[in-house]
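For ligands, and for the atoms within them, numbers begin at 1 and follow the listed sequence. Hydrogens, waters and symmetry mates play no part in the numbers below; they use all other heavy atoms, side chains included.
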Amino acid sequence: MSGIAHTTRFAPSPTGALHLGNARTALFSWLVARATGGRFVLRIEDTDAERSHEAALERQLAELRWLGLDWDEGPNVGGDRGPYRQSERAPIHAEALDTLATRALTYPCFCSPEELEFSRKAQLAAGRPPRYARTCAKLDADEAQRRVDAGRRPAIRFRVPDGRTIEFIDHVHGPQRFLSDDIGDFVIRRADGSVSFFLGNAVDDSAMGITLVVRGDDHLANTPRQLLLLEALGMRRPEYAHLPLVLAPDGRPLSKREGAASLSDLHAQGYLPGAIRNYLARLGHACGTDDWLDVEALSRHFDIARTSHSAARFDEAQLRHWQREAVTHASNDELERWLGARLDALGEEPKQQAFVAAVRGNVLLPKDADELVRVLTADVLVVEPDAAAQIAEAGADFFERAQALFVQFEGEFKNWTRAVAESTGRKGARLFMPLRSALTGTTHGPELAPLVALMGAERARHRLADAQVRASVR
Ligand code: GLU
């Protein structure tokens with residue numbers, strides 16, 4: 001793909017949340033543009049008025065921005081090849097319909113859905129692939145006019161040429177070959193006057209100067225139809241890259257069950273955009289390195305030709321790996337912003353900063369930080385069973401001394417723990433495990449010294465006293 005600066009696009013329908021598969025399509029499309037020094041266009045396919053919603057559109061745009069996919073042309077940005085909402089491109093579509101009509105490549109079709117279904121079933125029963133039977137192709141103009149005059153509203157079909165081979169080279173799937181004889185005359189304008197996906201989508205891609213269409217391979221069978229239309233219109237054809245689907249681990253469609261059906265699900269759980277970018281860029285695509293890649297490096301390691309031909313499966317362990325990397329690569333300030341109001345219970349800003357610095361290695365998702373904030377601020381500590389066992393094993397006497405020395409050394413961690421070691425003869429895990437258990441209620445977690453500083457001397461002393469009681473009751 002070297003040498004060509006591609007203009008790519010993402011063309012979402014604003015009917016709901018952005019599915020993870022669509023987010024990957026958007027990312028790949030954006031990466032092609034960035035990797036080749038080209039342009040990335042956003043076009044909103046909102047011609048289905050009933051299913052398109054302004055709120056869904058706003059949410060999709062916000063999610064794309066959050067993921068870091070900025071567009072060079074599109075809604076809120078403008079550009080020379082707008083409008084960027086398909087519903088505003090009706091005059092362009094009407095002109096294309098006119099051109100095809102003038103070239104006698106269209107005809108009105110009055111077949112009802114029932115008639116079409118009947119014909120489809122008959123063909124299937126006869127063992128033939130179902131195609132439109134060209135019933136209305138034979139209507140003469142007078143008869144068609146009589147029906148229109150009688151109030152019937154026809155769809156418009158495109159006359160597919162006979163005996164043609166349609167070929168293109170897909171950037172993912174390689175050479176593709178279709179026979180026009182397998183394709184029935186298809187609808188390009190519905191009876192309600194709206195243009196079909198085939199026409200609107202193909203005309204817009206070409207008119208907007210898109211050079212490479214990146215989209216899901218559920219559209220692969222649409223491409224030969226769209227190429228025939230563009231050829232009939234004398235419009236330039238783009239190249240295509242059809243991406244395999246993203247499935248759930250069990251091979252079924254990705255659903256709410258995985259908590260990852262949409263980009264907003266992952267956002268809401270606290271996944272960071274860099275984690276999702278690194279994860280999606282490796283979902284059915286070989287980056288050639290296992291290293292963390294920032295936006296700029298990602299585009300250097302991206303080549304659409306290295307996309308796998310088969311469906312990709314969502315793998316939460318992989319996503320968590322990249323989330324770990326994203327947290328590791330984020331600055332303390334970024335993490336503080338990420339955790340936001342969850343840190344309020346800790347108190348003043350310096351405390352929040354100290355918390356982030358202390359726990360960043362132990363936080364994968366914001367809920368992990370919630371748990372640590374709770375440990376540090378709880379009046380009544382929840383003690384887990386293995387921590388309770390540690391406390392019992394160390395004994396009441398250990399905590400009595402630990403407490404006295406804590407007061408003596410005013411909670412200064414190093415001197416305090418050294419003194420406890422000397423006084424009790426314990427060291428290493430035998431010293432720190434019971435202390436950690438008493439102070440945090442668990443046997444694992446971030447480095448202990450900053451946690452003690454964050455919970456405050458008063459709370460720490462109380463917890464040591466509680467542990468003494470707990471150990472003596474045993
Ligand atoms: N609006 C279409 C969709 O969401 C776009 C398909 C395409 O990218 O060509 O599936």
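A salt bridge does not link Arg89 to Asp46: none of the charged side-chain nitrogens sits closer than 4.0 Å to a carboxylate oxygen.
Remark: ligand 1 atoms within the under-4.0 Å shell around heavy atoms of Arg9 are 7 (C), 8 (O), 9 (O). Close approach of ligand 1 to Glu45 (heavy-atom distance below 4.0 Å) involves ligand atoms 1 (N), 2 (C), 5 (C).
Side chain to side chain, Asn22 and His19 fail the donor-acceptor criterion of an N or O pair below 3.5 Å. There is a side-chain donor-acceptor pair under 3.5 Å between Ser119 and Gln123. Checking Thr47 against His93 by side-chain atom types alone, no donor-acceptor pair falls below 3.5 Å.
Considering only non-hydrogen protein atoms, atom 4 (O) of ligand 1 sits nearest to Ser13 OG, 3.6 Å.
Note: no N/O pair closer than 3.5 Å links Phe197 and ligand 1 by distance alone.
Tyr132 carries Arg157 over the face of its six-membered ring, with the cationic atom under 6.0 Å from the centre and within 45° of the normal.
When non-hydrogen atoms are compared, ligand 1 lies under 4.0 Å from the side chain of Asn201 (C-beta onward) but not from its backbone.
Distances from atom 6 (C) of ligand 1 to the heavy atoms of His19, His219, Arg215 show the closest one on His219.
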